Amino acid sequence: MAMELRNDNFKKEVLESKIPVLVDFWADWCGPCKMVAPIIEEIAKELKDAKVGKVNIDEQSELAAEYRIMSIPTLMVFKDGAVVKKAVGAVSKAEILNLLK
């Protein structure tokens with residue numbers, strides 16, 4: 001299951017992670033987010049060499065602002081504390097997995 005990321009655990013779980021982290025910025029009211037959610041959960045269960053987390057932008061507005069989230073879903077891959085890849089909108093499982101390569 002994808003971990004819930006908040007202001008209080010984002011630094012530890014994402015920025016200080018020794019392995020890549022896929023972060024899904026989403027909201028309850030977002031239709032495309034609901035389309036991507038089951039794919040994100042599936043990937044979270046399958047991945048062994050990366051972590052998956054979700055940021056609810058309505059509850060974590062500071063994180064959304066810090067990473068300049070303008071459209072959702074926005075998927076970002078963090079490695080060594082930095083964003084290395086990004087995708088905006090509903091994307092396929094293959095496209096999400098490709099972000100992690």
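Predicted model, so just to flag it, every value in this text is computed and none were measured.
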**Prompt:** Is there a side-chain contact between Lys45 and Met1 (heavy atoms, below 4.5 Å)?
**Reply:** no
**Prompt:** With a 4.5 Å limit on heavy-atom distance, are the side chains of Val77 and Val21 in contact?
**Reply:** no
Pairwise distance [atom1]([X]) to [atom2]([Y]) - rounded to 0.5 angstrom:
X: Lys101; Y: Lys85; atom1: NZ; atom2: NZ; value: 9.0 Å
X: Lys11; Y: Leu63; atom1: NZ; atom2: CG; value: 13.0 Å
X: Ile40; Y: Ile96; atom1: CD1; atom2: CD1; value: 4.0 Å
X: Ile69; Y: Glu66; atom1: CD1; atom2: CD; value: 10.0 Å
X: Ser92; Y: Met35; atom1: OG; atom2: CE; value: 10.5 Å

Nearest non-hydrogen partners of [X] and [Y], listed with the distance:
X: Pro73; Y: Ala90; answer: CG-N, 4.1 Å
X: Ala27; Y: Ile72; answer: CB-CD1, 3.6 Å
X: Val91; Y: Ile39; answer: O-CD1, 4.1 Å

**Request:** State which residues pass salt bridge (Lys or Arg N to Asp or Glu O under 4.0 Å) with Glu95; sequence neighbours excluded, sorted by chain then number.
**Result:** none
According to a 4.5 Å side-chain heavy-atom criterion applied to Ile, Leu, Val, Met, Phe, Trp and Tyr, with indirect links allowed, do [X] and [Y] form part of one hydrophobic cluster?
X: Val83; Y: Phe10; answer: yes
X: Leu15; Y: Val52; answer: no
X: Leu75; Y: Val88; answer: no

**Request:** Could you walk me through whether Leu22 and Leu100 pass the side-chain contact (heavy atoms from CB on, under 4.5 Å) test, one step at a time?
**Result:** CA-CA 7 Å; Leu22 172 66; Leu100 288 160; 4.2 Å; yes
**Message:** In terms of relative ring orientation, are Tyr67 and Phe25 parallel, tilted or perpendicular, with 30° and 60° separating the classes?
**Reply:** tilted
**Request:** Take Ile43 and Lys93 through the side-chain contact (heavy atoms from CB on, under 4.5 Å) test and state the conclusion after the steps.
**Result:** CA-CA 8 Å; Ile43 290 171; Lys93 182 177 180 179; 4.1 Å; yes
**Asked** With sequence neighbours left out, which residue pairs that include part of residues 49-62 fulfil the salt bridge (charged side-chain N to carboxylate O under 4.0 Å, His left out) condition?
**Response** Glu13-Lys51, Asp24-Lys54
For [Y], is there any backbone N or O sitting under 3.5 Å from a side-chain donor or acceptor partner on [X]?
X: Asn9; Y: Glu4; value: yes
X: Lys34; Y: Asp28; value: yes
X: Gln60; Y: Asn7; value: yes

**Request:** Dump the intermediate steps for side-chain contact (heavy atoms from CB on, under 4.5 Å) on Trp26 and Ile57, then the final yes or no.
**Result:** CA-CA 6 Å; Trp26 67 286; Ile57 64 161; over 6 Å; no
**Message:** With side-chain contact (heavy atoms from CB on, under 4.5 Å) as the criterion, how do Val14 and Val23 come out once you've worked through the C-alpha distance, each side chain's angles and the decisive distance to 0.1 Å?
**Reply:** CA-CA 8 Å; Val14 178; Val23 179; 4.1 Å; yes
**Message:** Other residues, nucleotides and ligands only: do more than 12 of their heavy atoms fall within 6.0 Å of CG on Asp8?
**Reply:** yes
